[in-house]
Amino acid sequence: MGPEPGTRGRFITLEGGEGAGKTTLSRALTAKLAAEGLPVLRTREPGGAPGAEAVRGLILGHGPWDPVAEAMLHFAARREHVARTILPALEAGIWVVCDRFADSTLAYQGAGQGLSREVWETLCDLALGTLRPDLTLVLDLPPERGMGRALARGDANRYEMQGADFHARVRAAFLAIAAHEPGRCAVLDASRGPQEVLDLSLAAIRERLGIAA
Ligand code: TYD
């Protein structure tokens, strides 16, 4: 059963620090929404479109970059992702669940690396136009717990290798973003188990987006 004609899909982003369980949640959430009969696409950043995946290789494989250059690379990848993957899906009535989006740039390049909010806002306006997530689930976890999980995976990227201070600033930034936009963001306690985090997410989706998942 396809979406009703003219119904735009909803755009849900998952945000949070390292090892918070975004990937596990995005898989479970997508499966659950699909089981409810909703057309749904799971994607992630940096990446999610061929050009954006190439830029991901540049971001993660090179550097350190100047913070503005690094933010511009993230937004270049994001613009490709939006133009080629996210917007066409939403316009076709498909729900999009995206692992990281623009809030990650404000947290990592802003709070983490010193990029100003003004530059971030300018890049958002340039790259995204009016597109903003309908709902952002912020998975909150003390960084030392998240880093334990991330390091146990054994393939730490250069952000994960930053010090405890960096990760504390990133966490505080996500909480500040959520406090600043409580209508868009729901903070979830990511120290709970995967099923509980999924249930909390579904409750937030029901409450904020009004679907019977
Ligand atoms: P990834 O392996 O996808 O990590 P994770 O599973 O934690 O999302 O690597 C993405 C890394 O890029 C992650 O450490 C956070 C960082 N990042 C930024 O610094 N800024 C951004 O705008 C985005 C989207 C990601």
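Whatever order the structure lists them in is the order used to number ligands and atoms, beginning at 1.
Screening Arg169, Glu70, Gln162 for a side chain to side chain donor-acceptor pair (under 3.5 Å) involving Gln113 leaves a single residue, Glu70.
Classified by interplanar angle (parallel below 30°, tilted 30° to 60°, perpendicular above 60°), the ring pair Tyr159/His74 is tilted.
Annotation for Met147: hydrophobic cluster partners, listed by chain and number, are Leu151 (ILVMFWY side-chain heavy atoms under 4.5 Å, direct or chained).
Among pairs with a residue in residues 43-54, those fulfilling side-chain hydrogen bond (donor to acceptor under 3.5 Å, both in side chains) read Thr43-His81, Arg44-Glu53, Glu45-Arg78, Glu45-His81, at least two apart in sequence or across chains. Here side-chain hydrogen bond (donor to acceptor under 3.5 Å, both in side chains) pairs that include residues 186-196, with residues two or more places apart or in two chains, are Asp189-Ser191, Asp189-Arg192, Arg192-Glu196, Gln195-Asp199.
Contacts of ligand 1 (protein heavy-atom distance under 4.0 Å) are Glu18, Lys22, Glu45, Pro46, Arg56, His74, Arg78, Arg100, Ser104, Thr105, Tyr108, Gln109, Asn157, Tyr159.
Between Asp134 and Arg10, the shortest heavy-atom distance links the atoms OD2-CA, 3.3 Å.
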